Amino acid sequence: MKQILLSEGKYDVFLLEEFFREYDYCLDTFVREELEDSRHHRTQQTKKIRSFIERRSPYNVLIKSEGGKKNLLNFFSTEVRYLVEKIKKVVLVIDLDSDDEEGLGKLKEKLSERIEDRHSGSGCKVILNGPIKRNEYLVALEGCIHLRGSPFGKFFVIGLKPNLEDIAGIDREGNNKETKKEKIKRLLDNDGISNFLEEVLTGNVLTERT
Amino acid sequence: MKIEKLSVEDFKGLKSVDLEPENINLITGRNNTGKSSLLEAINLLFNPTYISEFRNNYSNIIREKKKSSEISALINKNKKTSLRLEKIPYEDIWEEVLINFIEDYIGRIKRFSDRYENLDWDEEEWTNIEEILQQTIENQLEDLSPSDVLDQPLKIIKDQKHFLYVLSEISAFIERKEIYDKLKNEFEWDKIKNKYQELRRIIHIPTSFRFRDPYGGFIDQRPNDSKEVRVIKELDPRKLAKNEDDEKVAVKTDDIEDYIKKNELLNDFKSFNLNQLVFTENGEKYGVPYEFMGDGFKTMVGILWHLLEGDYEEEVCLIEEPENHMHPGYTRELVYFLIDISKEYDTQFFITTHDRDFIEGFFGDNIKKDEKDYLKENFLVINMKRDYHQAFSYEDSEYHIEELLKDLRGI
C-alpha cells in the first residue's frame, strides 16, 4: 500500500523518516528546502510524485516537505484530489499553532475552504471528521472529499499541538541543526507520540477510493 | 536484422550523418533539424519503393544543389547495403519512358477490352488496333520536349542494381478524339459500330483513372522492399485487424486487455475489444466505444497492437513521435514497454521524439536494474542539430540529460 505524507518542513520529514526506520517500509523523501536549484522545484516534485505513483516504483512511502505552512496548504489544496485518486493513503502533517479546540476548528475550516475553492468547478465538498484520535501532542482527523454529491476519496490530517519545535523543546535560535535533530529523534521515545504515529501511519486506518 | 552502422549523405536537409546505432535509438532535436529525414533515409534504404510517398517532391530528397545522395548501412555483422540516388539528364530516360508509356497504355486497353463480352476482337482486328494506337500515340508524343513533360529523373542504385524513377505529365498530351477517329476511319464502320461505344469508353480509362498524372514511377523494373525494416504508421487496431487472421486478432485483443489491467492504464477497467471497452462503477458495468477513448490511449493501443506479439522480432522498427498525445503516465509506460520489447524480441528501434517526459523516462527512478544494464549496452540518443549531430550512449545521455532536454526548448 502506498502512502504519501505531506509536511511543512525538513524537521517534520526527519521525524517521520526516523519513525518509519523501525518498520519494514521502503521510503523516499522530497525536501524542498534542500533542493540545489529551488527554482525548478515544481518539475522535480512532479517527477518525484509521478515516479512514486508508478506501479513499478520500489517505494511505498513518500515523505515530502513544502518549505512552510503556506506552501503546504497551497500544494495540498491544489493536488489533494489527484493524490487521493492515485495513492492509497494521503496524510497531511501540519502545525496547529495552538493546543486548544479553537486552533483545530480553524484548521478544519481553512482546509475545507481552500480545497473546495480550488475544485469549485467539480462541485467539491470536503468534510473533516474527528478528531478520530488525539493526545496531548497530536490530533488526527479524517477528511472526505465529495464530488458532485458522490464520495471521491479520503485523506488524513495529523495536527501537531502547537508545533513540532515546541513539542520537541527546540530553541529555534539557540539550537544547532544536530541538536534539533537529536531532540526530534528523542520524541519517538515518548510512547504517546510513537504509539499515535504507529496507529495512524502503519495501522489499518486506511483511506480507500469509494 | 540489425543496423550496425549507418551513413547518410546529402539526403533532404541532412549533409552528412554517420552513426553506429544501438537497439534503442532516440532521434531528438528541435524542429527542422532532420529527425524525420533520418527516419525516412533508413526507410528508403531498405524500402526503395517508399520513394513514391514523396510524390512530386521525390527529386527534392537529394539535398539542394547536389546531384546525388547516398545512404548506406552495415547490417548483420558487416554486410553492406547501399542506396544511391542520382539526378540524370531528361534525355537519358525519355526513350524508355515513351516505350513504357505506350506499352502500358495499349496493355491497359487490351486488359479492359478483355473484360467486355462484345469486344471480342479476333487476333487480326486487335493487331490492327494495336498498330493504330502505337502510331497515333507515337505521333502525338514525338514533338514533346522531355523537360516539359518529365519531372527530374533519378537513377536509383540499390546494391549495384540500377533502377530508373521518374514521374511525368505525359498522359495529359494524349488526344483521345484523334485515337477514336483513327480507329473509326480504319475499320469498316458497320463492322465495328457495335463495339465502338465500348471501345470509346475503354480508351478513356487509361487517361482518366490509373494513368492520370503524375504518370510513372519505376520504369521497367521495380526494386524489392525489405520485410525487416518497417515503419509503424497506422495506429488504428480496427484497420490493422482487417489484415490479420481471426485467431491472431483474438490473441492480440486479449493481450492488450491483460496489458491494460497489469499496468493499470485505465481506472475501473473491465474488458477490451476493438469496438467497446467495458468499465465498472459501483458494481455496474457500462461500455465506452473505442472511438470515444482519448488519443493518447488509442496511440498506446496501436503501438501495443504492432509490437506486443513480437511481430517485429529481430527486425528494425521505425516510429515517429510515438508519445504524441500521451499523458506523461502513459509515456513512461511506453518507455518500459519499448525496453521490454527490444530486450525480448531483439527489435531495433529508431524513434524520433522531442518530448522531455519520453526521454527522461529512460533515466527515471523506476527503471529496473536489468533494464538499466540493457540500456547501458543498447541505447543511443542521436541529438540532431541544424548542421551536425551528436550521439550519446546511455551513460553519456544521463550525464548530459539537462543539456539534451534544454535543446528541446525554445524555437
Side-chain angles (χ1 to χ4, degrees), chain A residues 1-4 25-31 34-64 79 81-90 122-123 144-154 207-210, chain B residues 258-270 279-284 286 296 300 323 326-341 343 355-375 398 401-406 408-409:
Chain A
M1 185 194 73
K2 292 204 180 199
Q3 171 167 199
I4 186 167
Y25 282 83
C26 191
L27 197 85
D28 197 11
T29 59
F30 181 91
V31 181
E34 287 175 0
L35 293 180
E36 279 179 20
D37 187 352
S38 59
R39 287 172 305 170
H40 297 136
H41 83 272
R42 278 178 209 280
T43 317
Q44 295 175 56
Q45 153 184 293
T46 306
K47 268 161 60 177
K48 181 69 90 178
I49 294 175
R50 220 180 253 160
S51 287
F52 175 68
I53 287 169
E54 277 181 25
R55 162 191 52 82
R56 53 160 65 203
S57 166
Y59 301 111
N60 42 25
V61 176
L62 174 63
I63 308 170
K64 194 169 175 290
E79 300 299 337
R81 183 178 158 181
Y82 173 75
L83 295 175
V84 298
E85 191 182 3
K86 299 285 181 189
I87 301 172
K88 201 83 170 168
K89 191 167 180 178
V90 177
S122 46
C144 298
I145 299 175
H146 293 253
L147 297 179
R148 294 189 183 88
S150 301
F152 181 74
K154 290 181 183 175
T207 175
E208 288 180 12
R209 270 196 83 206
T210 43
Chain B
D258 290 346
Y259 183 90
I260 296 170
K261 284 179 180 165
K262 186 181 160 205
N263 297 287
E264 297 165 5
L265 289 193
L266 299 168
N267 290 332
D268 307 323
F269 170 74
K270 182 85 183 149
F279 293 83
T280 53
E281 191 174 352
N282 301 327
E284 297 273 318
Y286 63 96
M300 188 74 190
E323 76 294 340
M326 280 189 190
H327 174 273
Y330 278 9
T331 304
R332 285 287 180 96
E333 291 299 339
L334 176 64
V335 167
Y336 306 140
F337 175 69
L338 293 172
I339 298 170
D340 286 350
I341 292 294
K343 263 180 79 180
D355 185 285
R356 291 173 58 95
D357 291 314
F358 185 66
I359 299 167
E360 279 185 306
F362 288 90
F363 308 96
D365 297 340
N366 296 331
I367 295 286
K368 294 173 188 164
K369 188 184 174 304
D370 61 321
E371 291 168 335
K372 203 157 194 150
D373 291 343
Y374 178 77
L375 289 170
E398 195 166 24
I401 187 78
E402 283 308 319
E403 290 156 55
L404 283 169
L405 297 175
K406 214 176 277 172
L408 302 177
R409 290 193 191 128

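Source: prediction; values computed, not measured. A, B, ... follow the sequence lines: proteins, then strands. Residue 1 opens every chain.
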Rounded at 0.5 Å granularity, tell me how far OG in A/S150 sits from CD in B/E281. 7.5 Å
Is the shortest distance from a Lys or Arg side-chain nitrogen in B/D365 or A/K47 to a carboxylate oxygen in the other one below 4.0 Å? no
Side chains of B/N366 and A/P58, heavy atoms from C-beta outward: is any pair under 4.5 Å? yes
To the nearest 0.5 Å, how far apart are CD1 in A/I53 and CZ in B/R332? 11.0 Å
Non-hydrogen atoms of B/I367 and A/R56 that approach each other most closely: CA-NH1, 4.1 Å
Tell me whether B/K261 at atom NZ has more than 12 heavy atoms from other residues, nucleotides or ligands lying less than 6.0 Å away. yes
Look up atom CD in B/E333 and atom CD in A/E54, then write down how far apart they are to the nearest 0.5 Å. 6.0 Å
Honestly, the part of B/D357 sitting under 4.5 Å from a heavy atom of chain A is side chain
